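To start, the structure itself, in structure tokens.
Predicted, not measured: the structure shown is a model, and the values here were computed from it.
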Amino acid sequence: MAVIHPFNATTPNNETYSRLFLREDELQFGLAAIFEVASALKNLCAQDQAKFDLNWAEAKAIITIGAKADTVLNLGHRLAVTKQAFTKTLRNLEKRKILARIDDPRDKRRKIVSLTELGREIERDFGANMRAALAHAYRNVGADAVYGSDQVLWSIITATPTHKGNKL
């Protein structure tokens with residue numbers, strides 16, 4: 001079942017659908033929808049935050065590191081937080097044995113941050129409700145829509161100034 005954008009008078013199901021422009025009201029709707037999705041996902045994990053005694057910064061770090069272990073600097077850029085704030089978050093999670101920092105095999109001065117076994121267990125349990133909501137939405141819209149939404153999200157992510165070397 002395809003989800004039709006409420007401002008769109010045409011449907012993406014026909015051969016002639018190839019809009020490469022959006023009106024301001026459509027862009028505004030898209031921004032509002034992104035914020036609403038973020039709020040909905042944050043609300044889904046609120047109970048789990050209490051269960052695991054995690055603040056929002058720690059929760060985001062666990063989900064992000066669970067998706068891809070990376071250097072401290074790259075993770076800080078991906079989460080758009082200052083090095084000082086991210087270091088504090090990492091220290092707290094490290095003390096609780098949720099994550100570990102290991103030497104980067106390409107550069108011994110850098111550290112790779114990854115989840116420990118305990119961290120992976122927490123991430124699996126903690127992220128289950130959010131993953132279920134995402135899987136349900138993806139199943140509802142179908143493969144083409146999933147691919148398209150992934151392309152839009154990654155395009156935004158890689159074009160934002162918080163991601164090193166990328167410019168709008």
Side-chain angles (χ1 to χ4, degrees), residues 27-141 143 145-168:
L27 292 170
Q28 186 66 29
F29 177 83
L31 291 173
I34 288 169
F35 283 122
E36 287 182 40
V37 167
S39 294
L41 291 173
K42 188 174 181 179
N43 289 338
L44 279 174
C45 74
Q47 288 178 339
D48 289 334
Q49 277 182 254
K51 177 181 174 182
F52 294 109
D53 190 28
L54 298 169
N55 63 38
W56 183 237
E58 293 166 340
K60 288 190 323 183
I62 289 171
I63 294 293
T64 303
I65 295 165
K68 182 180 186 271
D70 208 341
T71 64
V72 174
L73 186 61
N74 286 345
L75 287 165
H77 282 291
R78 286 171 48 204
L79 291 167
V81 294
T82 65
K83 184 177 179 182
Q84 295 81 1
F86 192 54
T87 300
K88 180 181 176 185
T89 299
L90 293 179
R91 255 191 252 120
N92 291 342
L93 293 172
E94 212 168 17
K95 283 180 193 174
R96 296 174 57 193
K97 310 261 189 262
I98 293 172
L99 63 81
R101 295 184 228 196
I102 58 170
D103 289 336
D104 183 339
R106 294 168 294 176
D107 184 347
K108 298 293 183 199
R109 295 169 296 175
R110 296 189 315 181
K111 299 290 184 188
I112 302 286
V113 181
S114 64
L115 297 177
T116 62
E117 185 57 39
L118 173 63
R120 284 190 293 278
E121 288 174 23
I122 290 171
E123 191 278 329
R124 271 191 302 273
D125 194 13
F126 178 78
N129 290 334
M130 290 183 286
R131 282 191 302 278
L134 189 59
H136 176 75
Y138 278 179
R139 277 192 296 277
N140 278 343
V141 300
V146 170
Y147 177 78
S149 66
D150 286 350
Q151 294 302 302
V152 169
L153 294 175
W154 282 114
S155 178
I156 292 169
I157 289 168
T158 58
T160 56
T162 59
H163 288 77
K164 192 175 173 182
N166 297 311
K167 303 286 184 221
L168 288 175

Taking all non-hydrogen atoms of both residues, which atom of [X] and which atom of [Y] are closest, and how far apart?
X	Y	answer
W56	C45	CZ3-SG, 3.2 Å
L115	R120	O-NH1, 2.8 Å
A61	T89	CB-CG2, 4.1 Å

Tell me whether [X] contacts the main-chain N or O of [Y] through its side chain, where contact means a donor paired with an acceptor under 3.5 Å.
X	Y	result
N55	E58	yes
T71	K111	no
S114	A69	no
R78	I65	no
Q49	L54	yes
S155	Q151	no

Got more than 12 heavy atoms from elsewhere within 6.0 Å of CD, Q28? no
Are L73 and K83 side-chain neighbours, meaning at least one heavy-atom pair lies under 4.5 Å? no
With a 4.5 Å heavy-atom cut-off, do D48 and M130 have their side chains touching?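 D48 does not reach M130 side chain to side chain.
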